[in-house]
Amino acid sequence: MMKVLVMSNQQRIRAVASIVIVLLVLALVLGLLSAAFYFRFTREYASGDYFVYWYATRALVRDGRDPYSATITSETREILPLIEIPSSSDGLFIPEYVFVNPLYAVLPIVPLVWLAFDAAEAIWLAFLLSVLLGSGVLLLRETKFRLTPVTVGVALLWIVLFYPATHSLLNGQLSMLVFGCVVGAWWALRHEHDTLAGLLLAYSTVKIQMVVLLVPLLLLWAIHQRRTRLLFAFSATLGMMLAWAFAMDARWPLGMLNNVTAHAGDFLSPSALQVVMPNPALSTALSIGLLLMFALAVARSVLRGWQALGELPMWAIMLTCLLVVHASPHDQLMLLLPIWQGIAQQSGSHARLKTLVLMSLFMALPWGVSLATKRGHLESYATLLPLSIGVISWRAIAELRRTSRA
């Protein structure tokens, strides 16, 4: 009995030591990345989107001001470097520099508001890069290919240079955290870590346009499967974040709604489908048709027992990137999930060649369209098309082939 207890204590000590070592290594990596960003990037360049988050958070936490107020928006636009807007700006993404996220979105930024902006930005970008690389590792672990240090390094470099990832990182976008939460939740669900999945899905709602189909789908599946830990973790986490937000500013939902409505004309960009099909009647009809097909697919899964999530989460991501308005290139970072799942399904003698071709296309096309259609510092709506149209077309063709063979 004493021997068992001693062994058990030794195992606990080793487990705690392992966790401490991992945390120390992560802290060291984050510190080195922060220093690199600080000395090579943030002292001369400001990530516009992150500055909006940081300035709104500082106004709330340090100064007790309303982060959604017109005063904060005006001050933000005065401080940030002005971007020249051409007289004919139709079809271009115009930077809005206005805080429109739920108030609990700023929770990870709160510790940084007591630092100078360039130092806070360096830490934030290092954190986002760490999230991206960590998400990439989780994605790679689910592939069937033999992973060597070279293949892992090349794949992670590809992920960092993937157009939406680079775009999101350089702008300090919350999209990177939403992506990390979704990848982490996806991995957690596959390994039955429901509490972790629920916690991560709750924070992913900070940019609802990225998960407007995915989160309800996963919650519906959890209800159907009676995955109570996931549902409780999601509800408890979201409830605590909302409680913090209301404690800081009880009127924040009205402020957020006011900013969304007051500045809608500044940043309400079309969906990728609307760019391809500018006729409102046709694009609306096709959007409704696609959503109905998705709803029918969900209903069919429910009627058949819906044990496994299958392809539905990937279709939720792809349809969101195709149909949701006020989408921008960094929101398409979510498409890395269906891309990597599709790559993991490649089989046959030419699987590696197919993977290389797919990775080359999904890397080159968005960058090529962006460079070809960019006007000054402003991107064209056409930048949305290569990935939103390309990925869903590729996955649809693959699904049709799989169905015909079956």
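Residues take their numbers from the sequence shown, with the count starting at 1.
With a 4.5 Å cut-off on side-chain heavy atoms, Phe179 and Leu132 count as touching. Leu128 has its side chain within reach of Leu177: a pair of non-hydrogen atoms, C-beta onward, lies under 4.5 Å apart. Considering only heavy atoms from C-beta on, Tyr97 stays 4.5 Å or farther from Ile79 through its side chain. The closest side-chain heavy-atom distance from Met334 to Lys207 is not below 4.5 Å. In this structure, Val61 and Trp114 have side chains that are in contact, with non-hydrogen atoms separated by less than 4.5 Å. Looking at heavy atoms from C-beta onward, Tyr68 lies out of side-chain contact with Thr73 at the 4.5 angstrom threshold. Using a 4.5 Å cut-off on side-chain heavy atoms (C-beta onward), Leu337 and Met314 make contact. In this structure, Leu129 and Leu133 have side chains that are in contact, with non-hydrogen atoms separated by less than 4.5 Å.
Ring planes of Trp158 and Trp340: perpendicular class, angle over 60° (limits at 30 and 60°). Between His224 and Trp306, the angle of the ring planes lies from 30° to 60°, which puts this pair in the tilted group. The aromatic rings of Phe99 and Tyr53 sit perpendicular, their planes meeting at an angle over 60°, well past the 30° parallel limit. Relative ring orientation between Tyr55 and Phe51 is described as parallel, the plane-to-plane angle staying below 30° on a 0-90° scale split at 30° and 60°.
Proximity of the aromatic rings of Phe117 and Trp54 is defined here by a centroid distance below 6.0 angstrom, and this criterion is met.
The number of heavy-atom neighbours closer than 6.0 Å to CZ of Arg62, taken from other residues, nucleotides and ligands shown, is above 12. Atom CZ of Phe232 has 12 or fewer heavy atoms from other residues, nucleotides or ligands within 6.0 Å. Enclosure of atom CD in Glu75 by more than 12 non-hydrogen atoms of other residues, nucleotides or ligands within 6.0 angstrom is indicated.
Contact record, Leu387 with Pro164: CD1-CG, 3.5 Å, taken as the closest heavy-atom pair. The heavy-atom pair separating Trp252 from Pro102 by the smallest distance is CZ3-CA, 3.7 Å. Ala202 approaches Met241 most closely through the heavy-atom pair O-CE, 3.6 Å. Annotation for Thr373 and Ala382: closest pair CG2-CB, 4.3 Å, computed over non-hydrogen atoms. Of all heavy-atom pairs spanning Leu189 and Arg227, the tightest one is O-NH2, 4.0 Å. The heavy-atom pair separating Asp249 from Pro67 by the smallest distance is OD2-CD, 4.2 Å.
In this structure, Ser370 contributes its side chain and Pro366 its backbone to no donor-acceptor pair below 3.5 Å. A distance-only check finds a donor-acceptor pair linking the side chain of Trp367 to the backbone of Leu161 [under 3.5 Å].
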